[in-house]
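Numbers here simply count residues along the sequence, with the first being 1.
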Amino acid sequence: MKKTALGFTLIELLVSVSIGLILVLGGLAAYKGMGSKQIVKQEGNTFKTNLKSFQQKAMSGEKPVGCISLQNYTVAWVNPNSYSVQAVCLTNSGDETTLTLDEEVVFDADFGEIEFLTLKTWIDNAPFVIILGSESYEYEVNIEQSGLISGQML
């Protein structure tokens, strides 16, 4: 009577393990790339939301303590990784606050200053701002002179 083999050969096991390992590594690489994309998207959305908040403060005339006559809110580029906001008053300006992006993302270029004028919807110096992340992910924040602020992944 002839014995039949009930197991797998070494070659079959090595091929199966290799295919499984390739699939797992591909999934991990895709997951890591998705994390970078989400960081860029989150930072872009945060920047856009902050701009809308400063715009709303200017439109409503909300002024900091000690400010007699609010002129505008100014958002300014500080360096590739941060920006500042300041309430500009007639007599004295409010404290300047610097906000920093996540360490994995930077501004594409110096966007100068964005001025949200008091009690007005339109914006002086209305640029578009691109936030760059690792692996070539980009988020564009478009600021129109009419006051519309929008953003999207590129």
Side-chain angles (χ1 to χ4, degrees), residues 15-154:
V15 168
S16 299
V17 168
S18 298
I19 291 171
L21 188 60
I22 289 170
L23 291 173
V24 167
L25 291 176
L28 286 174
Y31 179 75
K32 182 181 181 243
M34 193 60 141
S36 298
K37 183 177 181 179
Q38 290 303 323
I39 289 171
V40 172
K41 189 174 183 179
Q42 178 61 43
E43 288 298 319
N45 280 331
T46 300
F47 180 67
K48 180 180 71 171
T49 302
N50 286 342
L51 290 178
K52 287 182 177 182
S53 172
F54 306 138
Q55 180 186 39
Q56 187 64 37
K57 286 181 179 185
M59 284 174 35
S60 67
E62 181 181 325
K63 52 190 173 189
V65 176
C67 179
I68 295 172
S69 177
L70 180 67
Q71 300 296 305
N72 62 46
Y73 275 85
T74 301
V75 178
W77 184 87
V78 174
N79 60 45
N81 204 357
S82 59
Y83 58 101
S84 66
V85 62
Q86 183 176 30
V88 178
C89 301
L90 186 61
T91 56
N92 63 337
S93 296
D95 293 335
E96 183 177 57
T97 303
T98 301
L99 303 167
T100 304
L101 299 174
D102 187 275
E103 61 188 26
E104 292 186 30
V105 298
V106 294
F107 290 113
D108 179 34
D110 181 351
F111 58 82
E113 290 186 348
I114 305 166
E115 294 180 358
F116 297 106
L117 301 176
T118 305
L119 305 176
K120 296 189 168 110
T121 58
W122 55 277
I123 300 168
D124 279 348
N125 305 328
F128 68 93
V129 179
I130 295 179
I131 297 175
L132 297 174
S134 60
E135 302 181 32
S136 301
Y137 293 119
E138 296 180 2
Y139 190 94
E140 179 184 53
V141 176
N142 188 19
I143 306 158
E144 297 179 15
Q145 193 166 11
S146 66
L148 180 65
I149 300 172
S150 60
Q152 66 181 357
M153 286 294 293
L154 297 178

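Here the side chains of I68 and L90 are not in contact, with every heavy-atom distance at 4.5 Å or above.
Evaluation of the disulfide (SG to SG under 2.5 Å) test over residues 102-154, restricted to residues two or more places apart or in two chains, returns none. Residue pairs meeting the disulfide (SG to SG under 2.5 Å) criterion with at least one partner in residues 103-154, sequence neighbours excluded, are absent. Evaluation of the disulfide (SG to SG under 2.5 Å) test over residues 35-151, restricted to residues two or more places apart or in two chains, returns C67-C89. Contacts classified as disulfide (SG to SG under 2.5 Å) and involving residues 112-154 (residues at least two apart or in different chains) are not found.
Checking side-chain atoms of T118 against main-chain N and O of L70 turns up a donor-acceptor pair under 3.5 Å.
N50 is linked by a side chain to side chain donor-acceptor pair (under 3.5 Å) to Y83, counting only residues two or more places apart in sequence or in another chain. Among residues two or more places apart in sequence or in another chain, the side chain to side chain donor-acceptor pair (under 3.5 Å) test is passed with E62 by none. Residues that satisfy the side chain to side chain donor-acceptor pair (under 3.5 Å) test with S16, not counting sequence neighbours, are absent from this structure. Applying the side chain to side chain contact (heavy atoms under 4.5 Å, CB included) criterion to T74, with sequence neighbours excluded, gives N72, V88, E113, E115. In this structure, the side chain to side chain donor-acceptor pair (under 3.5 Å) partners of T46, at least two apart in sequence or on a different chain, are Q42. For the side chain to side chain contact (heavy atoms under 4.5 Å, CB included) test, residues two or more places apart in sequence or in another chain that qualify with T100 are N81, S82.
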Just distance, no hydrogens or angles: give the donor-acceptor pairs under 3.5 Å from side chains in residues 138-154, sequence neighbours left out.
from, atom 1, to, atom 2, distance (Å)
Y139, OH, N45, OD1, 2.7

Table please: side-chain donor-acceptor pairs of residues 103-112 below 3.5 Å, with sequence neighbours left out.
from, atom 1, to, atom 2, distance (Å)
D110, OD1, G112, N, 2.7

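Of the inter-residue distances, the one linking W77 atom CH2 with N79 atom CG reads 6.0 Å to the nearest 0.5 angstrom. Remark: M59 CE to Y73 OH distance equals 13.0 Å, nearest 0.5 Å. To the nearest 0.5 Å, atom CD of residue Q55 and atom OG of residue S60 are 10.5 Å apart. Note that CD of Q86 is 9.5 Å distant from OG1 of T98, once rounded to the nearest 0.5 Å. Note that CG of L101 is 8.0 Å distant from CZ of F47, once rounded to the nearest 0.5 Å.
Of all heavy-atom pairs between I131 and G44, the closest is CD1-CA, 3.7 Å.
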